[in-house]
Amino acid sequence: MLKKIYKVIIIPYSLFLLYLMFLGMGRFQYEDNMITVKPVFSTIKFIQGAMSWKDIVVIVIGNIVMFVPFGFLGWSFPELRKLKTLIFTFVSAIVIVEALQYFTRMGIFEVDDIILNTFGVYLGWRLCRFIEKRFSYLVL
């Protein structure tokens with residue numbers, strides 16, 4: 001049952017996420033193409049300079065949590081059940097999305113986003129395995 005629900009929801013969810021990444025949350029087109037390539041340090045700098053805890057939660061935790069559903073992609077694409085294949089495929093896709101943000105200037109190409117998003121996928125993959133083992137009667 002959960003697999004069927006997932007297959008129906010993942011496409012609109014992906015489109016919604018793309019909307020957020022390019023147009024939502026007050027996005028605007030930058031005058032210059034921007035890139036941040038120092039992993040972890042830019043996130044630490046952001047946290048230190050954040051105006052409120054809400055900003056930290058929305059940006060940092062959101063970059064993880066919003067990508068957890070992609071850890072379940074093996075339910076729709078059996079070849080993505082293997083962690084290595086899932087991570088390779090996801091990183092390839094998210095690099096393309098980050099590059100599109102860069103080239104359209106509708107965001108910043110950030111290595112930290114790639115790392116946080118990929119960690120979210122990994123957590124989703126772990127959660128998927130847990131659900132399959134613990135609640136196999138619901139997965140079908």
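Side-chain contact between Phe22 and Val97 is present, with heavy atoms from C-beta onward closer than 4.5 Å. Between Val121 and Leu86, the closest side-chain pair of non-hydrogen atoms falls below 4.5 Å. Within the 4.5 Å cutoff, the side chain of Leu123 has no heavy atoms near those of the Leu127 side chain. In this structure the side chain of Trp75 reaches within 4.5 angstrom of the side chain of Leu2, judged on heavy atoms. The shortest distance between side-chain heavy atoms of Ile114 and Phe109 falls below 4.5 Å. Between Met106 and Gln29 the shortest side-chain heavy-atom distance falls below 4.5 Å. For the pair Trp53/Ile56, a side-chain contact is recorded, criterion being any heavy-atom separation below 4.5 Å from C-beta on. Taking the side chain as every heavy atom from C-beta outward, Asn63 and Phe119 never approach each other to under 4.5 Å.
Cluster membership for Phe77 and Tyr122, using ILVMFWY side-chain heavy atoms within less than 4.5 angstrom, is shared. Val60 and Val58 fall within the same hydrophobic cluster, where Ile, Leu, Val, Met, Phe, Trp and Tyr residues are linked whenever their side-chain heavy atoms come under 4.5 Å apart, directly or through other members. Leu80 and Val8 are assigned to two separate hydrophobic clusters, defined by single-linkage of ILVMFWY side chains at heavy-atom distances under 4.5 Å. Cluster annotation: Phe130 is connected to Leu83 through the hydrophobic network of ILVMFWY side chains, with a link wherever side-chain heavy atoms come within less than 4.5 Å. No chain of hydrophobic side-chain contacts below 4.5 Å, direct or via other Ile, Leu, Val, Met, Phe, Trp or Tyr residues, connects Ile61 to Tyr13.
Put simply, the residue from Arg126, Lys3, Arg81 that forms a salt bridge (charged side-chain N to carboxylate O under 4.0 Å, His left out) with Glu132 is Arg81.
At most 12 heavy atoms of other shown residues, nucleotides or ligands fall within 6.0 angstrom of atom CD1 in Ile11. Environment of OH in Tyr30: crowded, with over 12 heavy atoms of neighbouring residues, nucleotides or ligands closer than 6.0 Å.
With rounding to the nearest 0.5 Å, the separation of CD1 in Ile115 from CD1 in Ile94 is 12.5 Å. Going from atom CD of Glu110 over to atom CG of Leu116 covers 9.0 Å, rounded to the nearest 0.5 Å.
Closest of all the heavy-atom pairs between Phe90 and Phe67 is CZ-CD2, 3.6 Å. In terms of heavy atoms, Glu98 sits closest to Ile108 at OE1-O, 3.1 Å. Minimum heavy-atom separation, Asp112 to Pro39: OD1-CA, 2.9 Å. In terms of heavy atoms, Lys7 sits closest to Ser76 at CG-OG, 3.3 Å. Among all heavy-atom pairs drawn from Ser14 and Phe70, the shortest one is OG-CE2, 3.3 Å. Across every non-hydrogen atom of Met66 and Leu20, the tightest pair is CE-CD1, 3.7 Å.
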Note to self: Apply side chain to side chain contact (heavy atoms under 4.5 Å, CB included) to residues Ile10 and Leu73 and explain how you reach the verdict.
What the structure shows: CA-CA 8 Å; Ile10 193 62; Leu73 279 172; 4.2 Å; yes
Notebook entry, point to check: Where do Glu31 and Arg105 land on the side chain to side chain contact (heavy atoms under 4.5 Å, CB included) test, with the steps shown first?
Noted result: CA-CA 7 Å; Glu31 289 189 29; Arg105 297 189 325 263; 5.7 Å; no
